[in-house]
K.L.:
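One structure is given below, represented as C-alpha cells, and several questions about it will come after.
Atoms considered below: every heavy atom in the structure, side chains included; atoms not considered: hydrogens, waters and symmetry mates. Throughout, protein chains are lettered first and strands after them, A, B, ... in sequence-line order, and every chain is numbered starting at 1.
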Amino acid sequence: MKNPITITSSSPPFSILLHQTDVRAIANWYAAKLQFCCTQNPISHSLTQSVHANIITSGFKPRGHILNRLIDIYCKSNNIAYARYLFDKIPKPDIVSRTTLISAYSELGNVDFAKYIFDETPLSIRDVVSYNAMITGFSHNNDGYNAVKLFSEMRKYGFRPDNLTFASLLSATALVARDEKECKQLHCNVVKTGTDSFVSVLNALISLYVKCGLSSLSPMGDARKLFNQMEKRDDLSWMNMITGYVRNGELESARELLDGMNEKLQVAYNAMISGYVQHGFMSKALELFKGMCLEGIWLDEFTYTSVISGCASSGLFLIGKQVHGFILRTGWMPASKFALPVNNALVTLYSKCGEVDKARQIFDSMLEKDHVSWNAILSGYVSVGKIDSAKSVFSAMPERGLLTWMVMISGFTQNGYGEDALKLFDRMRKEGLAPCDYSYAGAITACASLGALEHGRQLHAQLIQSGFNSSLSAGNALITMYARCGVVEAANVVFCTMPYIDSVSWNAMMTALGQHGHGLKALKLFDLMLQENIKPDRITFLIVLTACSHSGLVKEGCKHFQLMDSVYGITPDEDHYARFIDLLCRAGKISEAHGLIQKLPFKPGAPIWEALLNGCRIHGNMELGIQAADQLFQLAPQHDGTYILLANMYADAGRKEDMAKVRMMMRERGVKKEPGCSWLEVANKVHVFLVDDTSHPKVHEVYTYLKELEVKMRKLGYVPDTKYVLHDIESEQKENALSTHSERLAVGFGLLKLPRGATVRVLKNLRICGDCHTAFKFISKLVEREIVVRDGRRFHHFRNGECSCGNYW
DNA sequence: ATAGGGTTAG
C-alpha cells in the first residue's frame, strides 16, 4: 500500500490548513502522518519529532487518536517517560486507547506500566478485550501467575471469556501448570464455553498438553488425540505437533507426521530440520534440507539458521561453508539484509572452525547485532586463544549476560590466565550477578592451575550454597582442583558424591590418582569404568599411560598401550607415543625408547623429543639428551621448557659451566616467558633460576620479590592458604644460605600452594647440598599440612611422618 | 484494540 503523503513534509499541506475550521481534516492528516512514522522500520524519530513540534507550534491541540499514535511511537522507541507524560495529558482516555497502550507497553516489556493503566481503568468501562490484552501482556512477560489470577478476577466480575481469552490463558497456564490435571480442567472449561472450535484455542491447548505431559508415560498422547479431532488445522497446528514430538525425542513420530501431510508446509519442514539438528542427526537434517530444495519449497531464514548452526555444532564446517556459498549464489537475499539469526549462525560457524577473521568480517558487516552475535564472536576469539581481542570485545559489549561472563572466565582459564579468571569472577559478583555453574567451573579450574586450594575450597562452599551441587561441569572442575592442590581424598569424595557423572568425571578422577602415585588405583578405576559400559576415548588412554608412567608400572603400561588399538580401536597418536616413551624412559629403558622413536609411523615432533630429553635428564644420559634437545631447538627454538630441562640435566650432573651456557643461549636467542603467565608461574621460574645458580648474588632480591607477590596476592583478594608469612630475610643467618633459604622459599610457596613444582625442587636442591636435616624438617612440615609429595619414581611418597627415601637421598 | 509457535551462543 502506497502512502499518498510526501515523506519529508512535517506540516499539513496548504489545502488542508486553508480550512482551519475543519479540525477533523487536520487531525486525520497528523494521524496518517504519524501512522507512517510508525510503520517505518526503524521508526523515523526525526520525522516524528518534527511532526510533533509542528503540532505544538501550530496551536493544534492533539487529542484522541493522535495522542494515541504519538504515545504508540514513543512506546515503540522505548521513550516510556515521554509516553507516560503524553498519557497523563489525555483528559479521559477511552477503553480503546487504554487497550492499545496496555498491549504496547506489554510488548515492550514494561508490564508494570501496562498494569498501572489497567488498574486505573474504572470497572465501568472495562471490557473483555482489555482483559484479554492484559492477560496476554502478563503471559508474554512470563508472568503466568498474574495472568491466571486476572482470569479468575474477570470471571468474578461477570465478564464472559471468549476464544481469545482462552488462547491467551492457555498459553499463560503453560508457564505455571505442574500436571495434567490442570490441563484437563482447563480443557473442560474450553469445551463448556464452546470455544473449542477455534483453531488458535486448540493450538494453545495442544502445546499446553505437550508441555505438561512431559512427565507422563505417553507425553504426546492427549495432544495427538486433540490434533486428530481437529476439523481445521493451520500451519501452527502442524508445527506444534512436530516440535512436541521433537522435544520428547520422538523424532520418528514427528517425521511420520511430516510425511503424512498433504501440502508441503515450509514451517513444518523447518521444525523437523531444527529437531534433527537439536538431536545431532545432521545427516538427516541435511537430507531433508536437500529434499526441500528439490521439492521447490521456499527456504527461509529459519531453514538456513538451523542448518548452518547444526553444521557449526557438529563440526561439518565444509558443508556449512557450502550452504553459505549456496545462499550467496542463489541470491536469496543480499548479504547485507540477512536476518540476524542467520548472521549469528554464520559468525558461530566461522568462529568454531577457527576462521575467526572471517567471522569478524561478517560480524562487522552486520547492521543489527544482539547479545548472541557478541557472544559468538567472543567465544570465537577465546577458542583460538586470542585473549587480547576477546578482552576488547568483552569491554566493548553493550550488555553482558551470564553466558558472556562464563565464556570470558573459562576463556581466561583455558588460556592460562588463571588470575584474570578469578578477578573477573569476583567482578561479576560485585556487579550483583549470580554466576552460573559453568562460571563456577571456570573459576575452580583457575584455582587448580594456580594451586590456590583455600580459594578453591571457598568456591566449593559457595557452589553448594548456590544449589549447584549436582552440576557436572562444576563437579569435574572440583575433582581436578583438589587433585592439583594435592588433596586427592577430597577429589575422591567429590567424585563419589556426584549424582551424575560422565566420561570427563572418570577421566578427572583417574588423573587425580595417577598424579599422586596411585597408579594401581587408577587402573582399578579404569576397569570399573569399563564395567559401567563407559567407552574409553583417546584422553582416557593418555591418562592411563601417564598413571602407569608415574607409578613405574611398565608392564601394565605396555599392556594398555597395545590394547588401545587392538581392542578399543583407538589408533595411538603422537601424544600417546610420547607418554609411552616417557614410561619407558622413567623405567630406565632409554635405548628401547630411542629405538621406538626411529620406528614411529610419523615424523617425531616436540612431545616425543621432550619425553626423551626428560628421560635422559633423569638417568643422566648426556649424549642422547643433547641430541633430543637439538631436535627440540630446531622444532621450537623459543620454547623455554627445553632450556630448563637441559639446564636441569646439567645441574644433576654437576656441570655448572654447561648450565651457564644454556642460560647464555636463552639470553642470546631472546627466549622469554610466554605473555600472560601468572605471577605464580613467574615465581616458580624465579625459583628454578635460584636453585640452578647456587651462588646467585640476588637471593635477597628474590625474597623481596616474593614478599611483593604476597602483598599483591592479598590485594587481589586471595586468601593465603596457610598462616605462614615470609619473614624478614635480612635478619637471617647467612651460613648455609641455600638450604635455609630454600626452606623459607618453600614455606613461601606453601603459602601460594604449589606442592608439585616448588616443593619438589626444594627437595632436589637440598639433596644436592646434602642437607638431609633440613630436608626432613621440611618433609615433616609437609606432612603436617597434609601435602603429599609425589611422583612415581623420583619423588617419593611421604606419609604419617614416615619417609621412604630410597635412592633419592 | 486483544490470540496460538519456532531459530542463535558454552
K.L.:
Taking the side chain of L164(A) as its heavy atoms from C-beta onward, which of dA1(B), dA3(B), dG5(B) lies nearest to it?
P.N.:
dA3(B)

K.L.:
Between dA1(B) and T100(A), counting only base atoms on the nucleotide and side-chain atoms on the residue, is there a donor-acceptor pair under 3.5 Å?
P.N.:
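Between dA1(B) and T100(A), which were checked side chain against base, a qualifying N/O pair under 3.5 Å is absent.
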
K.L.:
Output the single nucleotide from dT2(B), dA9(B), dG4(B) whose closest atom is nearest the side chain of K352(A).
P.N.:
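In terms of side-chain proximity for K352(A), the closest of dT2(B), dA9(B), dG4(B) is dA9(B).
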
K.L.:
Can you check whether any acceptor in the base of dG5(B) is under 3.5 Å from a donor in the side chain of D235(A), or vice versa?
P.N.:
no

K.L.:
Of the nucleotides dG5(B), dG4(B), dA9(B), which one has an atom closest to the side chain of S200(A)?
P.N.:
dG4(B)

K.L.:
Please pick, from dG6(B), dA9(B), dT7(B), the nucleotide with the shortest atom-to-atom distance to any side-chain atom of M239(A).
P.N.:
dG6(B)

K.L.:
What integer distance in Å separates Y438(A):OH from dA9(B):P?
P.N.:
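Distance check: Y438(A) OH to dA9(B) P gives 13 Å.
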
K.L.:
Expressed in angstrom and rounded to an integer, what is the separation of F166(A) atom CZ from dG4(B) atom P?
P.N.:
15 Å

K.L.:
I want to check a possible cation-pi pair here: K369(A) against F363(A), using under 6.0 Å from ring centre and within 45° of the ring axis as the test.
P.N.:
yes

K.L.:
What's the closest nucleotide to the side chain of V372(A) if the choices are dA9(B), dG5(B), dG4(B)?
P.N.:
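Nearest listed nucleotide: dA9(B).
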
K.L.:
Looking at H140(A), I'd like to know whether one of its side-chain N or O atoms comes within less than 4.0 Å of OP1 or OP2 on dG4(B).
P.N.:
yes

K.L.:
Roughly how many Å is it from CG in D300(A) to C1' in dG5(B), rounded to a whole number?
P.N.:
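Whole-Å distance recorded here is 14 Å.
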
K.L.:
Rounding to an integer number of Å, can you tell me how far M241(A) CE sits from dG5(B) C1'?
P.N.:
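The answer, rounded to whole Å, is 14 Å.
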
K.L.:
If you check the N132(A) side chain, which of dT2(B), dG4(B), dG6(B) turns out closest?
P.N.:
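Looking only at heavy atoms from C-beta outward on N132(A), the closest nucleotide is dT2(B).
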
K.L.:
Output the single nucleotide from dA3(B), dG4(B), dT2(B) whose closest atom is nearest the side chain of S168(A).
P.N.:
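Nucleotide nearest to S168(A)'s side chain: dA3(B).
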
K.L.:
If only side-chain N and O atoms of Q278(A) are considered, is one of them under 4.0 Å from the OP1 or OP2 phosphate oxygen of dG6(B)?
P.N.:
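So the side chain of Q278(A) is outside the cut-off, no N or O lying under 4.0 Å from OP1 or OP2 of dG6(B).
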
K.L.:
Taking the six-membered ring of F118(A) (Phe, Tyr or Trp), confirm whether the NZ or CZ of R98(A) is under 6.0 Å from its centre and within 45° of its axis.
P.N.:
no

K.L.:
In this structure, which one of S168(A), S103(A), S106(A) forms a side chain to side chain donor-acceptor pair (under 3.5 Å) with T136(A)?
P.N.:
S168(A)

K.L.:
For the residue pair C447(A) and M481(A), what are the closest heavy atoms and their distance?
P.N.:
CB-CG, 4.0 Å

K.L.:
Of all the choices, dG4(B), dA9(B), dT2(B), which nucleotide is nearest to the side chain of A133(A) once you look at every atom?
P.N.:
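Shortest atom-to-atom distance from the side chain points to dT2(B).
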
K.L.:
Looking only at heavy atoms, which two atoms of S237(A) and N203(A) are closest? And how far apart?
P.N.:
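Looking at all heavy atoms of both residues, the shortest contact is OG-OD1, 2.9 Å.
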
K.L.:
Categorize D162(A) for me: base, sugar-phosphate, or nothing, with a 4.0 angstrom heavy-atom threshold over every strand shown.
P.N.:
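Counting heavy atoms under 4.0 Å across all strands, no contact is made by D162(A).
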
K.L.:
Tell me the interatomic distance from F302(A), atom CZ, to dG6(B), atom P, rounded to whole angstroms.
P.N.:
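About 11 Å, once rounded to whole Å.
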
K.L.:
Reckon Q266(A) touches a base, only the sugar-phosphate, or nothing at all at heavy-atom distances under 4.0 Å?
P.N.:
nothing

K.L.:
What is the distance from CG of L265(A) to C1' of dG6(B), rounded to the nearest Å?
P.N.:
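The distance from CG of L265(A) to C1' of dG6(B) comes to 14 Å, rounded to the nearest Å.
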
K.L.:
Can you tell me which nucleotide in dG6(B), dG5(B), dA9(B) comes closest to the side chain of L236(A)?
P.N.:
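So the nucleotide nearest the side chain must be dG5(B).
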
K.L.:
What's V199(A) touching, base or sugar-phosphate or nothing? Going by heavy atoms closer than 4.0 Å.
P.N.:
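Base, at least one base heavy atom under 4.0 Å.
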
K.L.:
Nearest of dT8(B), dT7(B), dA3(B) to any side-chain atom of S309(A)?
P.N.:
dT8(B)

K.L.:
Without swapping roles, check the side chain of H279(A) against the backbone of G275(A) for a donor-acceptor pair under 3.5 Å.
P.N.:
yes

K.L.:
Taking atom C1' of dA9(B) as reference, at what distance in whole Å does atom CG of D370(A) sit?
P.N.:
10 Å

K.L.:
Whole-Å distance between dA9(B) C1' and L349(A) CG?
P.N.:
13 Å

